[in-house]
Amino acid sequence: MTLADLAPAERAILESIGGDRPFRRRLMELGFVPGTAVELRKVAPLGDPLEFAVRGCKVSIRRREAAAVAVERTERRR
Amino acid sequence: MSETPSKDAAPLLALVGNPNTGKTTLFNRLTGANARVGNYPGITVERTVGRMALGDGRHADLVDVPGTYSLAARSVEEQIAIDALIGRHGVPAPDLAIIIADASNLERNLYFALQVLELGRPAVIALNMIDAAAAAGVRIDVERLSATLGVPVVPVIATQPRTLDDLRAAVNEALASRPRATEWVWTPSPGLKADLEAIDEALDGAVPAGADPQLRQAVGLWALMSIDADDELTDAPADLRLRVLDRLQRASEAGRDIDGEAIAARYAWIDRHAADWITREEVPESWTEKVDRVLLNPVAGFAVFIGLMFLLFQALFAWSDPFITLIEDGFGWLAGWTTATLPEGLFTDFLVGALIGGVGNVLVFLPQILLLFLFIAIMEDSGYMARAAFLMDRIMNRIGLHGRAFVPMLSAYACAVPAIMATRTMERRRDRFLTMMVLPLTTCSARLPVYTLIIGAVIPASYVAGVFNVQSLTMVALYFFGIVMALLAAAVLGRTVLKGPRVPLLLELPPYRLPDPRSVTRLVLSRGRVFVSEAGTVILVCTAILWGLLTFPQTTPEIDALSAERTRIELEQGPGAPSIERLESQITSEQLRQSYAGRMGRAIEPVIEPLGYDWKIGVAIIGAFAAREVFVGTLGVVYSVGEVDEDNPGLRAAIREEKTALGKPRYTPLMGLSLLVFFALACQCMSTLAAVKRETRSYRWPLLMFVYMTALAWVAAFVVYQGGRLLGFA
Ligand SMILES: Nc1nc2c(ncn2[C@@H]2O[C@H](COP(=O)(O)OP(=O)(O)O)[C@@H](O)[C@H]2O)c(=O)[nH]1
């Protein structure tokens, strides 16, 4: 599954980052490195973009790019 | 090791850090109000330098380096960060780097700090937003952080100036002790080591002279992470580029990922130590979260967004009115007084017609501009601007614009020139150019004078449903028209002239903050100053030139014939003869017709007649190519030249009194609408074209902009005017 498949407040572990080089690099530099826990925080009212949190730092990206990031779901936050 | 500046030169400091860390605030607080703005050599990115007091009477020069998440660069603009840190490509090396880090996003900010520390150059870390971090339950052990990193870490709150004394002291002390990280916190893998060694020989053109091995290695890694087949770096030595591309190729064949290795290693180190420095407590849901549940709600969120926009325009046109009236009356009085006091003649004409009229026409719009920027500053400082982008991105993206294009688009409501410069925040050329090309269609503040004048003069001030002023509604409609046309143009240009891949969006939603009155005031006042000094001088000079075009030549055979006729009647029937008054106004109007401007206006009359305009409006449109607001100044000169009654200087009144050859009002509401539409779309701003020329470094783009906007304006105004007449308005 990918980041784009998460539901709000769902958590997952990052597995691999896809997309072209500048975007991959930028996303990893923001903390999206494989093995890190990530949580979907917010979905914009129109369905895009999505806000994720990694290590307490939040960033919003588009669904299209989130779909290039493979994750493994862990748990649902209560 | 590096070139030490001569003894009496002020030390040079570079302020670097992530975006949204309070960097601008810190820079302003450290330097006071004395920043000098220049450019980096060869590129058009602004280099802001201010003088920072070091606390013991000495000063240092502080450079505000553009905020970035990484030193790795894909374009010359992004490359500034590393150039400004190590001193290359004509940018001087700083004596000390001040790394600003946001305590509430510590890990990500430390990632950036690590890259800077890897360079092995002297640095101190200003740990900002400790108040915001505390509110989010984050506490940081500054001592241990500093001990692990090997450089001083100073907690600050940029918005509270008294917290900055420690930073000044630390900087002062560090200028002497030159604290630096003497080694990397992570060890490159054998594969990466081989990559770094393979390119080392080619680094000579990319590192400053006398660089030590640590700096060479850091620049080597920078090159490996920055250079690729389609980057936009222009300064990379050819040999280095070839070697990097070769290493990237080999790495990918071996299934290695150089970017990933370096980035993961830095984050692994941060994660390993984070627990030593950071304690996170669960805090009850922050009020940012609560507010976001409303402001990002599909219904309430958009309702608030639209409501805010409407409030803004209502403010611009209702609340600003008393101030406008005050300024108008003041300059009217001044003009009247000058005319009455000074002897009649060319000089007095010049003073009243060109100078007083021109200055008045500039200042009268200051209230609206200040109000507009008050809104923008509050939206930005409060954190709402990012939410607006979050709400609107889906739509922006549909149209083919970058989500970040929203900010330049919004800035374009004030002025297209800074907005065009703000497009630099976008990484790719295509996004920058596309945004630039459509920006001038959004309603900039220079259009406000024109809109206000025409709406005030010809659109009825009646009310719909008892509350909505028709004039305000027209203004709102024009704003929407501008943005809709800009978006349509983006859709068309993005699919034709500027076809290309889309850029991923990265957006941060900062916590809501109470806007800082000082930053807001600063922004508002600086915008007002820019308008008066830049737009103002252009307007003034153009008004004067146009006054000249309208005044000369003073005699032609036609004018002389009329004057002779007047003298004859005066002699035959006495000075009080009724036909003399008529002749006088014929002379004035003939003078205008015969003037240089009149000739130009008449030359374009056949082209603008189908839009409902006459040559006088043609003259003003010609003048308005210098800058849209000049239209108002020119009309002032045009009609006051034609005005006989000196006691009635109001431009609105003059417009209402203007008649066609058939004696009907020239400015019908339909013609007013056609003129508004023309001004909404036409590219009447030299400064905009100049800015586009500079940003794109070619004449092609400004030319394309001028042609497509003018054609669009003519066609749209034609449709409005002729369509309206067909439908029986008019
Ligand atoms: N609470 C708090 N807010 C701050 C601090 N420093 C800056 N801000 C606010 O953060 C916002 C962004 O600051 P700005 O200087 O524009 O950030 P930049 O994007 O890094 O230049 C503004 O609203 C500032 O008033 C701080 O230490 N604490």
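Lettering follows sequence order; numbering is per chain, from 1.
If you tally non-hydrogen atom pairs under 4.5 Å between each of B/Gly301, B/Pro510, B/Pro298 and chain A, the highest count goes to B/Pro298. Among A/Lys58, A/Lys42, A/Arg24, the residue making the largest number of heavy-atom pairs under 4.5 Å with chain B is A/Lys42. For the set A/Gly19, A/Gly56, A/Gly31, A/Pro49, the count of heavy-atom pairs under 4.5 angstrom toward chain B peaks at A/Pro49. Chain A forms the most heavy-atom pairs under 4.5 Å with one residue out of B/Asp102, B/Val299, B/Asp257, and that residue is B/Asp257.
Between the side chain of B/Arg74 and the main chain of B/Asp230, a donor-acceptor pair closer than 3.5 Å is present. The main-chain N or O of A/Leu6 is never found under 3.5 Å from a side-chain atom of A/Glu10 such that the two would form a donor-acceptor pair. With B/Thr288 contributing its side chain and B/Tyr512 its backbone, the two residues share a donor-acceptor pair below 3.5 Å. B/Arg513 places no side-chain N or O within donor-acceptor distance of the main-chain N or O of B/Gly383, the cut-off being under 3.5 Å. The closest donor-acceptor contact from the side chain of B/Asp271 to the backbone of B/Ala268 lies at 3.5 Å or more, if one exists at all.
Heavy atoms of A/Leu27 lying under 4.5 Å from chain B belong exclusively to its side chain. Using a 4.5 Å cut-off between heavy atoms, B/Phe390 contacts chain A through both its backbone and its side chain. Looking at B/Ala136, neither its backbone nor its side chain comes within 4.5 Å of chain A, counting heavy atoms on both sides. Contacts between B/Phe112 and chain A at a heavy-atom distance below 4.5 Å are absent for every atom of the residue. No part of A/Val54 comes within reach of chain B, as not one of its non-hydrogen atoms sits under 4.5 angstrom from that chain. Of the two parts of B/Leu248, only the side chain, counted from C-beta on, holds a non-hydrogen atom closer than 4.5 Å to a non-hydrogen atom of chain A. Contacts of B/Asp231 with chain A are absent, with no heavy-atom separation under 4.5 Å from either backbone or side chain. There is no contact between B/Arg387 and chain A, counting heavy-atom distances below 4.5 Å.
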request  = Before giving the answer on side-chain hydrogen bond (donor to acceptor under 3.5 Å, both in side chains), spell out for A/Arg55 and B/Tyr267 the whole-Å C-alpha distance, their side-chain angles and the decisive distance to 0.1 Å.
outcome  = CA-CA 10 Å; A/Arg55 295 189 181 80; B/Tyr267 269 113; 5.1 Å; no
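Partners of A/Arg63 according to the salt bridge (Lys or Arg N to Asp or Glu O under 4.0 Å) rule, which considers only residues two or more places apart in sequence or in another chain, do not exist here.
Between B/Ala103 and B/Val138, the shortest heavy-atom distance links the atoms O-CG1, 4.0 Å.
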